[in-house]
Amino acid sequence: MSASFAAPAWAADEASSLLHPMFDDHVVLQRDRPVRVYGTAPAGETVRVEFAGRRARARAGDDGRWEAQLPALAAGGPHALVVSAGGRTQRVSDVLVGDVWLCSGQSNMELQVWRALDARAEIAGAGNDRIRLLTVPQVSDVVPRAEFSEAVEWQPVNPDTVREFSAACYFYARELQKHVDVPMGLIDASWGGSRIQAWTSGGALRTLGDYDAELGVLGRYADDAVAAVGDWGTLWQDWWSAREGVEADDRPWGADEASGAWRAAPEQLGAWERWGVPELADFNGMVWYRTTVELDAAQAAQGATLVLGPADEIDMTWVNGRGVGSTYGAGSGREYALPAGLLRAGANTIVVNVLDTYRDGGLAGPASAHALRLADGSRVPLDGGWRYRVVPPELGTPPRAPWQSAAGLSTLYNGMIAPIGRYGLRGALWYQGESNTFEHDRYAGLLRALRSDWRSRFGDDLPLLVVQLANYGAAPTAPTESDWASLREAQRAVAAEDRNTGLAVTIDIGDRYDIHPTNKQELGRRLARVARHVVYGESLPPSGPVPASTSRDGDAVVVRFDDVGDGLVAYGAEGPIGFELCGDAPGSCRYAQASIRSDRVTLQAPGAATATRVRYCWADSPVCTLFDGAGLPAGPFERPVTP
């Protein structure tokens with residue numbers, strides 16, 4: 001995949017901007033380091049930059065792009081930024097110098113202030129000219145964009161501007177400013193339901209070695225989408241055929257129903273949970289749909305587009321055995337251009353695989369909402385009756401088309417991170433992972449790749465503050481395996497290995513019934529505490545007690561903790577709960593009785609003398625009661641027992 005940008009057309013008129021859209025009235029520039037200023041001008045033109053008594057020059061390249069560098073400045077302002085080239089001058093007013101933060105991730109970062117705890121009072125009381133907000137438009141792309149898809153603007157905090165802004169990002173800056181008294185610039189680039197792969201550049205993903213085939217398809221998609229979709233269909237089919245338990249002749253996308261138990265679907269289609277089929281009443285997974293449509297020779301000879309209603313949440317679609325489209329997103333219909341010659345006179349087979357991972361799933365109805373739209377403007381409804389087949393969950397989760405917006409490869413990096421340019425940042429906040437729990441074993445490598453990727457763009461020492469996944473779901477009644485716990489462990493391990501990465505533990509401030517906990521104020525306080533330690537060098541414990549060692553002591557196991565503020569305490573009982581002692585075999589974990597002494601927790605359970613692992617808070621929504629005297633929780637972990 002190419003990492004180059006298409007050069008924009010530049011016209012020497014009053015509408016042309018010399019500066020990149022990041023540089024606008026009310027902007028905040030990063031203090032205490034050289035300031036990069038960039039934009040576009042006529043090729044070869046000399047560009048002069050003036051700011052706070054400093055001056056710099058640059059020359060626009062053949063593509064019209066220029067970049068100048070100003071000396072480092074202390075926090076302060078307001079100042080004016082003036083840029084001129086030829087007879088054109090642009091002035092940016094009310095510029096502050098302070099600390100700039102990129103806030104990114106999925107829905108828990110996107111969640112707006114109006115949805116947060118005590119929102120009415122928070123919005124009414126918002127007013128801070130020294131915190132400035134910029135929201136990146138939600139756009140995905142298959143190649144990196146040089147600029148945003150629509151206008152952006154920096155806005156000082158007030159009740160009108162803060163309402164729709166990221167609550168986690170805003171409450172973080174508000175808390176941090178109590179301890180670091182400088183202007184704060186906040187850039188929110190987030191998208192609900194997004195996977196980490198979408199936020200990572202194609203080049204960085206290639207270093208992992210797991211995505212070469214998909215990235216190859218993505219590169220072809222930029223030039224010939226119809227051909228690339230066919231290639232992707234072949235890769236998807238290869239994935240299916242390689243599944244354990246799939247028969248060699250089981251090709252559901254084909255022209256017949258030779259394999260599998262196909263049944264008649266309701267005429268109205270819609271969410272399969274409401275079909276009255278017990279197997280689907282609470283089903284998250286894949287369901288195949290198929291139908292046929294008769295065409296005469298004149299119809300088959302025309303160009304055509306397959307029109308489908310919304311599919312919740314991901315479809316992979318074939319016509320006559322060829323892949324024609326795949327889209328992520330539950331709210332919109334699908335339109336797939338069909339390659340010439342694919343349709344034929346007589347029966348044509350349409351097959352749609354729908355993957356749902358959360359609540360209502362399926363292909364929306366009624367059946368008449370789906371059709372072939374022919375080049376002559378006529379419409380052939382797909383109302384001849386749909387059939388369906390349920391896929392056993394143990395087959396796993398299929399690959400997602402690399403061009404999909406929030407679930408693709410590099411799509412949000414291209415559409416939302418690349419357009420920021422090489423803007424000066426103090427650090428980045430990352431709250432994401434819920435959409436990757438099914439592949440927790442890959443997450444540590446993906447998080448490292450994202451961290452390195454963003455540092456290559458924004459600075460080699462860019463601090464990254466990671467929010468560990470909060471508790472969500474039913475509380476456990478016995479030790480269990482947990483994808484969510486495994487992903488939290490990956491987040492913990494990646495943060496622990498790098499001095500410029502911090503972890504905010506949130507295992508006690510989630511919501512068992514809501515994947516979007518509203519207490520973003522406490523999240524902001526914890527992130528600010530992590531920043532004070534990781535970014536500003538304060539000596540306070542950043543995020544609560546962390547395990548330092550696990551060792552055997554006779555028939556017991558002792559866990560020693562570091563970063564303990566004012567001693568260890570257990571809430572609601574004499575000793576903490578949530579600890580497990582485990583052997584090597586799956587299913588060998590047992591809850592342990594725990595007692596506190598100083599900075600140590602002693603664990604006892606049947607078989608403790610042969611335990612090889614300690615786990616704590618190991619469930620989707622664990623009950624954990626170990627804190628320190630500062631009110632910070634010990635985070636989830638798994639560690640081997642040393643002799």
Side-chain angles (χ1 to χ4, degrees), residues 107 192-193 239-240 243-247 250 252-253 257 259-291 308-317 326-334 350-370 382-398 400 406-407 434-440 471-478 480-485 510-517 619-622:
S107 54
W239 171 86
W240 172 270
R243 298 302 92 194
E244 184 175 351
V246 172
E247 300 294 334
D250 186 1
W253 54 86
E257 299 180 3
S259 301
W262 293 87
R263 291 170 277 181
E267 183 177 349
Q268 294 299 310
L269 295 179
W272 59 56
E273 288 89 346
R274 291 191 281 276
W275 286 1
V277 178
E279 181 183 8
L280 295 173
D282 190 28
F283 181 74
N284 291 323
M286 286 190 293
V287 172
W288 290 96
Y289 296 77
R290 65 184 299 122
T291 191
L308 299 175
D312 192 349
E313 59 203 65
I314 301 172
D315 73 287
M316 179 66 214
T317 299
S326 180
T327 301
Y328 170 88
S332 59
R334 277 71 165 146
I350 290 87
V351 176
V352 183
N353 178 283
V354 177
L355 170 67
D356 172 60
T357 63
Y358 184 67
R359 293 184 180 170
D360 292 351
L363 190 61
S368 59
H370 316 292
L382 307 182
D383 56 3
W386 287 82
R387 296 174 66 76
Y388 76 94
R389 170 184 167 187
V390 181
V391 178
E394 54 267 25
L395 261 65
T397 302
R400 303 187 186 188
E434 296 93 337
S435 292
N436 287 93
T437 53
F438 72 95
E439 53 179 352
H440 53 81
N471 50 306
Y472 169 67
T477 58
T480 183
E481 298 306 314
S482 166
D483 291 347
W484 282 58
D511 189 326
R512 186 182 302 174
Y513 305 101
D514 190 348
I515 201 170
H516 304 119
D620 292 2
S621 186

Is there a side-chain contact between [X] and [Y], using heavy atoms and a 4.5 Å cut-off?
{"X": "L269", "Y": "H370", "result": "yes"}
{"X": "W484", "Y": "E434", "result": "yes"}
{"X": "V390", "Y": "V277", "result": "no"}
{"X": "F283", "Y": "P393", "result": "yes"}
{"X": "T327", "Y": "D315", "result": "yes"}
{"X": "R243", "Y": "V391", "result": "no"}

Does the [X] side chain pair with the main chain of [Y], one donor and one acceptor, at a distance under 3.5 Å?
{"X": "T291", "Y": "G385", "answer": "yes"}
{"X": "S482", "Y": "D620", "answer": "yes"}
{"X": "R400", "Y": "P398", "answer": "no"}
{"X": "S107", "Y": "G192", "answer": "no"}
{"X": "E313", "Y": "G361", "answer": "no"}

Closest non-hydrogen atom pair, [X] against [Y]:
{"X": "M286", "Y": "W239", "result": "CE-CH2, 3.8 Å"}
{"X": "Y289", "Y": "L363", "result": "OH-N, 3.1 Å"}
{"X": "P252", "Y": "W262", "result": "CB-CZ2, 4.0 Å"}
{"X": "L308", "Y": "L382", "result": "CD2-CD1, 4.4 Å"}
{"X": "P517", "Y": "G510", "result": "CB-CA, 3.8 Å"}
{"X": "E279", "Y": "R263", "result": "OE1-NH2, 3.0 Å"}

Distance in Å, N471 CG paired with I515 CD1, rounded so as to fall on 0.5 Å steps
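Spacing of CG (N471) from CD1 (I515) equals 11.5 Å.
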When rounded to the nearest 0.5 angstrom, what distance separates CG in D483 from OG1 in T437?
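It is 5.5 Å, given to the nearest 0.5 Å.
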Pairing residues for N436 by the side-chain hydrogen bond (donor to acceptor under 3.5 Å, both in side chains) criterion, not counting sequence neighbours:
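By the side-chain hydrogen bond (donor to acceptor under 3.5 Å, both in side chains) rule, N436 matches Q197, Q432, E439.
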Please check if the number of heavy atoms outside [X] that lie under 6.0 Å from its [atom1] is greater than 12.
{"X": "E244", "atom1": "CD", "value": "no"}
{"X": "E267", "atom1": "CD", "value": "no"}
{"X": "D514", "atom1": "CG", "value": "yes"}

Carboxylate-amine/guanidinium contact R274 D360, below 4.0 Å:
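Salt bridge flag = yes for D360 with R274.
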For W288 and W240, take the angle between the two ring planes, folded into 0 to 90°, and tell me which bin it lands in: parallel under 30, tilted 30 to 60, perpendicular over 60.
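Ring orientation of W288 relative to W240: perpendicular.
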Indicate, with yes or no, if the rings of W272 and Y388 have centres closer together than 6.0 Å.
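No: the rings miss the under 6.0 Å criterion.
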